[in-house]
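In what follows, a structure is listed as structure tokens, so that the remarks can point back to it.
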Amino acid sequence: MVQYKTASDIQLMKESAQVLARAHAEVAKAIKPGVKTKKLDSIAEEYIKDHNGVPSFLNYNGFPASLCISVNDVVVHGFPSDYELKETDIISVDCGVLYKGFHSDSAYTYPLEGVKNEVLRLLDRTLESLYLGIAQAKVGNRVGDIGFAVQAHVEQFGYGVVRELVGHGVGKKLHEDPEVPNYGKKGKGSKIVSGMVFAIEPMINMGTKKVVQERDGWTIRTQDRKPSAHFEHMVAIWDDRTEILTTHEYLEESYSFKWRNKSR
Ligand code: MG
Ligand code: MG
């Protein structure tokens, strides 16, 4: 059942998303070769707690950290660890914040400076697909229109769209209805209605769409071990417009490698 939000709920969700965006920016400053991914997790946890938030992911169904950190062929839900980032890695950082009673959720995949052009292109195109999906998230459309837009964009490049994991409603709970797949058919799926708030989060693989789960019960990898990209925004549906509640602006300002469209 979809939990519709009032204007004041959405205002609180924006405030939650601001704490989240600043936490992402603190993490972005620390992403460089040699840093342990668990260091990034402690930066996010400390920032969120210092700003009166609660890390949404910590202890969620037993998840052990405040960030999901997914490097290279890990699609999503990786654990922060003693692994030290390398020059040629890409790293997806997914974070959630509970603030004033509402969750916010967003993700971004960073390339380090030694990443190959073909991988930079995967990131550019996945980020493009996120905004193409957001453009379809409006009253009068259906959830399938979002998935169709994402899928059509990335499949032209031979990439695989992960099927097992999807976007989702967000609110007082981290995961609410509706499900928002990154694949679909135009005009199919739930109607998009004013008062909905949901996360759109393409998870796009350079090779096969197939994924496997590690024995830890969380970590999702590509079956062919090729890299995977993940970007996420949370949007609110109003009668006459769609508002992106999360922002990547601060983290992009904070991250030293200005990688967008470098591969072209
Ligand atoms: Mg999400
Ligand atoms: Mg997320």
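Each ligand, and each atom within it, is numbered from 1 in the order the structure gives.
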- Name of whichever N/O/S atom of Glu201 is nearest to the Mg ion (ligand 1): OE2
- Looking at Asp105, the N, O or S atom sitting nearest the Mg ion (ligand 1) is OD2
Indicate, with yes or no, if the rings of [X] and [Y] have centres closer together than 6.0 Å.
X: His233; Y: Tyr131; answer: yes
X: His175; Y: Tyr60; answer: yes
X: Phe257; Y: Tyr110; answer: no
X: Phe157; Y: His153; answer: yes

- N, O or S atom of Glu232 closer to the Mg ion (ligand 1) than 2.8 Å: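 It does; at least one qualifying atom falls short of 2.8 Å.
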- Message: With respect to the Mg ion (ligand 1), please indicate if His168 possesses an N, O or S atom at a distance under 2.8 Å.
- Response: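 Checking the Mg ion (ligand 1) against His168, an N, O or S atom does fall under 2.8 Å.
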- Message: Can you tell me which N/O/S atom of Asp94 has the shortest distance to the Mg ion (ligand 2)?
- Response: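 Answer by atom name: OD1.
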- Item | Lys5 NZ: over 12 foreign heavy atoms closer than 6.0 Å |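 More than 12 within 6.0 Å, yes.
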